[in-house]
Visitor: 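Would you mind keeping the following structure in view while I ask a few things?
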Number of protein chains: 2
Amino acid sequence: MIKLNRTTEYGLIALRHMSRKSGGAVTSAREIADTYGLPFEITAKTLQRLKDTGLIQSVQGARGGYALKKSLDEVTLADFLREMEGPQAVVACASIESGPGVSGHACDCEYDSKCQIGPAMKNLNNKVLQFLSGIRLSEFAAEAVPLVQLTSFEPKAANSQNSVGHL
Amino acid sequence: MIKLNRTTEYGLIALRHMSRKSGGAVTSAREIADTYGLPFEITAKTLQRLKDTGLIQSVQGARGGYALKKSLDEVTLADFLREMEGPQAVVACASIESGPGVSGHACDCEYDSKCQIGPAMKNLNNKVLQFLSGIRLSEFAAEAVPLVQLTSFEPKAANSQNSVGHL
DNA sequence: AAAATATACGATACTTAAGGTCGTAGATAG
DNA sequence: CTATCTACGACCTTAAGTATCGTATATTTT
């Protein structure tokens with residue numbers, strides 16, 4: 001139900017990478033794609049999107065690339081997702097404010113509601129946004145320290161109660 | 001990024017409907033579909049799924065139908081989503097624990113991480129699950145009281161800072 | 001027996017995401 | 001000046017997911 005798309009995921013990887021470079025050093029799309037084994041085209045697309053959002057800036061030409069423009073501490077996950085995945089980022093009642101391409105059923109939850117879960121959905125929406133606003137992108141740029149290792153090294157067992165394919 | 005699919009949405013509508021019926025009264029799929037203008041086939045499928053999860057029980061035959069089995073207060077949104085949308089419900093790094101049908105990129109975030117955002121993703125995953133565990137389905141069954149009306153009745157303006165297509 | 005309902009399985013169309021291709025423009029290195 | 005590297009932007013193809021529809025069977029009430 002919660003799913004970051006590739007662009008968002010690659011964006012986080014790229015931001016983390018750039019945040020670890022000193023000063024005004026730029027990073028090319030190629031460098032990021034090669035470093036993390038990502039498809040170049042999508043990486044390039046992602047970086048352009050990041051630039052459009054104002055998170056990073058670009059330098060054209062040979063030896064050009066991208067560099068952070070804002071601190072990752074200034075940007076919340078809520079903001080980031082809205083920019084990267086569009087305003088319909090958070091979801092539930094497929095009918096509320098149906099935008100372009102959104103095929104809702106007959107219910108207009110706003111004022112002429114039949115299904116009646118509209119208000120609860122809006123409420124949930126606000127909670128989710130609040131939750132996401134409490135998370136800053138800098139969390140993803142932190143050192144990838146190996147978490148405290150479990151006593152026994154069993155590749156899968158520790159996760160069984162929480163077997164989650166995606167985050 | 002957060003998106004409830006139709007089955008989940010219809011499920012919430014159905015659960016709410018049933019929670020408002022007295023005692024052991026049953027509700028047919030037809031009744032729910034007609035009441036809320038939902039496609040019958042999907043509604044029926046949804047109810048069967050709800051039954052499989054143990055949330056509701058069924059009565060076969062003419063005048064049969066479904067009735068709640070658990071209180072909606074006992075079920076959290078995290079549980080509900082896992083049941084309705086599968087264990088890969090919560091999502092982020094498209095590569096972690098890639099299940100069947102999940103096409104991840106080259107990065108195995110668990111131990112041989114290149115992208116390095118794995119740990120942060122897992123951390124986020126836990127936060128999201130915790131968040132969703134704090135929400136009970138009974139919230140969706142509450143009376144659909146019209147929320148406090150804004151002073152001026154402008155169909156769209158009030159939502160502009162938060163224009164969200166989905167919840 | 002007939003009607004209403006759940007139950008189960010399958011098929012199809014639509015939508016979206018993911019990835020790729022191509023061409024253009026700008027800047028540096030030589 | 002020219003070749004090369006890079007960003008930039010439009011378009012296309014394919015794969016996956018999802019909603020929707022269809023059909024048949026079992027079970028109970030009337």
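Residue numbers begin at 1 in each chain, while the letters A, B, ... track the order of the sequences.
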Visitor: Could you check which of C/dG20, C/dG19, C/dT7 has an atom nearest any side-chain atom of A/Tyr10?
Guide: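 My answer, after comparing the listed nucleotides, is C/dG19.
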Visitor: Rounded to whole angstrom units, what separation is found between the CZ atom of B/Arg49 and the P atom of C/dT7?
Guide: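 So the two atoms are 15 Å apart, to the nearest Å.
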Visitor: Could you give the distance from CG (B/Asn125) to NZ (B/Lys127), rounded to the nearest 0.5 Å?
Guide: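 Spacing of CG (B/Asn125) from NZ (B/Lys127) equals 12.0 Å.
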Visitor: Given B/Thr7 and B/Lys45, is the side chain to side chain contact (heavy atoms under 4.5 Å, CB included) satisfied, shown in steps?
Guide: CA-CA 8 Å; B/Thr7 305; B/Lys45 209 166 288 190; over 6 Å; no
Visitor: Salt bridge or not between B/Glu31 and B/Lys21? Use side-chain N to carboxylate O under 4.0 Å.
Guide: yes
Visitor: Between B/Ser28 and A/Glu41, just flag the one whose closest nucleotide in DNA chain C comes earlier from the 5' side.
Guide: B/Ser28
Visitor: Name the closest nucleotide to the A/Asn5 side chain, picking from D/dT20, C/dA18, D/dA7.
Guide: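 Of D/dT20, C/dA18, D/dA7, C/dA18 is nearest to the side chain of A/Asn5.
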Visitor: Quickly work out the A/Met84 CE to C/dA18 P distance and round it to whole Å.
Guide: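 Taking atom P of C/dA18 as the reference, CE of A/Met84 is at 11 Å.
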Visitor: B/Ala14: which residues meet the side chain to side chain contact (heavy atoms under 4.5 Å, CB included) condition with it, sequence neighbours left out?
Guide: B/Met18, B/Ile32, B/Leu47, B/Leu50
Visitor: Can you list everything that forms a salt bridge (charged side-chain N to carboxylate O under 4.0 Å, His left out) with B/Lys70? Sequence neighbours excluded, please.
Guide: none
Visitor: At under 4.0 Å, does any side-chain N or O of A/Ser58 touch on OP1 or OP2 of D/dC8?
Guide: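 Yes, within the criterion.
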Visitor: Measure the distance from CZ on A/Phe40 to P on C/dC22 and round it to the nearest whole Å.
Guide: 14 Å
Visitor: Verify the contact: side-chain N or O of A/Lys51 to OP1 or OP2 of D/dC8, cut-off strictly under 4.0 Å; return yes or no.
Guide: yes
Visitor: Heavy-atom contacts under 4.0 Å between residues 59-69 of chain A and DNA chain C, which residues?
Guide: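 Within residues 59-69 of chain A, the residues near DNA chain C are A/Gln60, A/Gly61, A/Ala62, A/Arg63.
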Visitor: Could you please name the option among D/dA19, D/dG9, C/dT7 that lies closest to any side-chain atom of B/Gln48?
Guide: C/dT7
Visitor: With a non-hydrogen cut-off below 4.0 angstrom, is A/Ala29 in contact with a base, only sugar-phosphate, or nothing?
Guide: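 Sugar-phosphate, no base atom in range.
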Visitor: Mind calculating the distance between CD1 (B/Ile42) and P (D/dG22) to the nearest angstrom?
Guide: 12 Å
Visitor: Without swapping roles, check the side chain of A/Arg20 against the backbone of A/Ala141 for a donor-acceptor pair under 3.5 Å.
Guide: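 Yes, because the side chain of A/Arg20 sits within donor-acceptor range (under 3.5 Å) of the backbone of A/Ala141.
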Visitor: Could you state the atom-to-atom distance from CD of A/Glu85 to C1' of C/dA17 in whole Å?
Guide: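 Spelled out: CD on A/Glu85 to C1' on C/dA17 is 11 Å.
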Visitor: Quick one: list whatever passes side chain to side chain contact (heavy atoms under 4.5 Å, CB included) with B/Thr8, sequence neighbours left out.
Guide: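 Side chain to side chain contact (heavy atoms under 4.5 Å, CB included) list for B/Thr8, sorted by chain: B/Leu4, B/Asn5, B/Phe80, B/Leu81, B/Met84, B/Glu85.
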Visitor: Taking all heavy atoms of B/Ala33 and all of B/Thr43, pick out the closest pair and write down the distance.
Guide: CB-OG1, 3.8 Å
Visitor: Are any of B/Arg6's side-chain N or O atoms less than 4.0 Å away from OP1 or OP2 of D/dT20?
Guide: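 True: B/Arg6 side-chain N/O within range (under 4.0 Å) of D/dT20 OP1/OP2.
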Visitor: Could you tell me the separation between the CG atom of A/Leu47 and the C1' atom of C/dG19, rounded to a whole number of Å?
Guide: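 Between C1' of C/dG19 and CG of A/Leu47: 16 Å.
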Visitor: Classify the ring geometry between A/Phe131 and B/Phe131 as parallel (under 30°), tilted (30 to 60°) or perpendicular (over 60°).
Guide: parallel
Visitor: Taking only the side-chain heavy atoms of A/Pro39 (C-beta and beyond), determine which of C/dA18, C/dG20, D/dC21 contains the nearest atom.
Guide: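 Looking only at side-chain atoms, A/Pro39 lies closest to C/dG20.
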Visitor: Grab the N/O contacts between the protein and nucleotides 11-15 of chain D below 3.5 Å, and write none if there aren't any.
Guide:
none

Visitor: Among residues at least two apart in sequence or on other chains, which ones pass side chain to side chain contact (heavy atoms under 4.5 Å, CB included) with B/Asp73?
Guide: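 Here the qualifying residues are B/Ser71, B/Arg136, B/Ser138.
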